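As the structure is a computational prediction, the values presented were derived from the model and not from experiment. Counting starts at 1 for both ligands and their atoms, in listed order.
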Amino acid sequence: MKKIAIIGSGITALARAWELQKCGHMVTVLERSDQVGGSICSCREGAYLAEEGPNSIQVNSFEVDTFLKSIPGFPERAIYASVDAKKRFILKAGIPRIVPISLLSAVTTKLWTPTGKLAFLKKLLTPTINPGIEESIADFSRRRFGNELYEYAINPMVGGIYAGDPESLSLRHAFPKIHALEKRRNILIVAAMDVIIAARKKNKPRFKKAHTFF
Ligand SMILES: Cc1cc2nc3c(=O)[nH]c(=O)nc-3n(C[C@H](O)[C@H](O)[C@H](O)COP(=O)(O)OP(=O)(O)OC[C@H]3O[C@@H](n4cnc5c(N)ncnc54)[C@H](O)[C@@H]3O)c2cc1C
């Protein structure tokens with residue numbers, strides 16, 4: 001048994017502390033603020049539960065799924081995403097536009113102009129750059145999808161996931177899988193299809209909404 005100190009009490013630290021403790025180590029978590037959870041912070045007002053930070057998790061690996069299920073009480077308390085939540089909207093010029101989720105809706109959507117769609121098609125053939133170069137999500141998206149898709153697809157999506165600025169978030173660290181895909185396949189859409197097909201084959205378990213972690 002080892003005595004281990006972990007600095008910070010965000011989900012990264014708590015997950016590691018939980019695993020180390022299960023292995024029999026004595027773990028002390030040190031936190032500078034007056035509450036645990038880091039970005040994860042829930043508050044109740046009357047009958048309502050609101051999340052100040054993350055509100056959902058996409059279980060996209062066996063390890064995460066196993067880990068979550070290992071937490072007593074977690075599977076029973078997990079709230080699955082409603083099918084209604086599949087519809088996402090992005091505000092453009094004051095009008096909420098539904099985010100396309102099929103090829104047909106991507107072609108017909110008013111979220112992107114015909115010029116933006118053509119730019120996207122042209123960008124599909126953009127060759128990869130040196131994988132050693134550290135690119136921001138914004139630079140990668142503009143290079144790969146064009147400015148309009150960056151503004152009205154990637155930027156809001158990244159905001160929803162990280163609440164961060166894509167200009168200063170590293171693609172390699174924020175979306176390592178996309179970074180790896182780009183290294184493997186010159187045409188990103190082909191690489192994305194690989195992933196979708198592989199995911200279907202694996203038939204992974206998914207639960208997308210889980211309000212309380214610990
Ligand atoms: C508004 C918002 C919405 C989000 N939505 C989602 C979502 O829906 N789904 C999703 O998967 N992700 C989402 N994210 C991202 C997700 O919340 C973070 O990736 C994750 O919570 C980060 O956890 P962490 O433990 O790495 O860091 P943090 O949560 O930042 O925790 C770090 C902790 O360490 C403490 N600390 C730092 N330095 C010290 C020190 N020197 N001494 C002691 N303590 C220290 C901090 O006080 C903090 O408590 C969202 C983020 C935000 C901000």
### Message
Assess whether a salt bridge exists between K87 and D84, defined as any Lys/Arg side-chain N lying under 4.0 Å from an Asp/Glu carboxylate O.
### Response
no

Check this for me: does any side-chain nitrogen of one of E148 and K92 sit under 4.0 Å from a carboxylate oxygen of the other?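 Result for this pair is yes, salt bridge flagged.
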
Query raised in the report: Within a distance of under 4.0 Å, is there any protein heavy atom near atom 27 (O) of ligand 1?
Result: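 Flag for atom 27 (O) of ligand 1 set to false, no protein heavy atom closer than 4.0 Å.
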
* Protein heavy atoms: any of them under 4.0 Å from atom 35 (C) of ligand 1? -> yes

Tested for side-chain contact (heavy atoms from CB on, under 4.5 Å) against M26, the lone hit among K2, M1, Q21 is M1

Under 4.0 Å between heavy atoms, the region of I57 that gets near ligand 1 turns out to be neither

ask   = Among P54, G8, S9, S56, which residue places a heavy atom closest to atom 11 (O) of ligand 1?
value =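 It is S56 that holds the nearest heavy atom.
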
Apart from I98 itself, its cluster of hydrophobic side chains linked below 4.5 Å comprises F89

Q. For S39 and ligand 1, does the shortest N/O to N/O distance drop below 3.5 Å?
A. yes

Looking at ligand 1, does any of its N/O atoms fall within less than 3.5 Å of an N/O of I11?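 Yes: some nitrogen or oxygen of I11 is under 3.5 Å from one in ligand 1.
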
- [ ] Identify the protein heavy atom lying closest to atom 31 (O) of ligand 1, giving its residue, its atom name and the separation to 0.1 Å.
- [x]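 So the nearest neighbour among protein heavy atoms is G10 CA, 3.3 Å.
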
Residue pairs meeting ring pair (Phe, Tyr, Trp, His ring centres under 6.0 Å), one or both in residues 159-179, sequence neighbours left out, come to Y162-F175

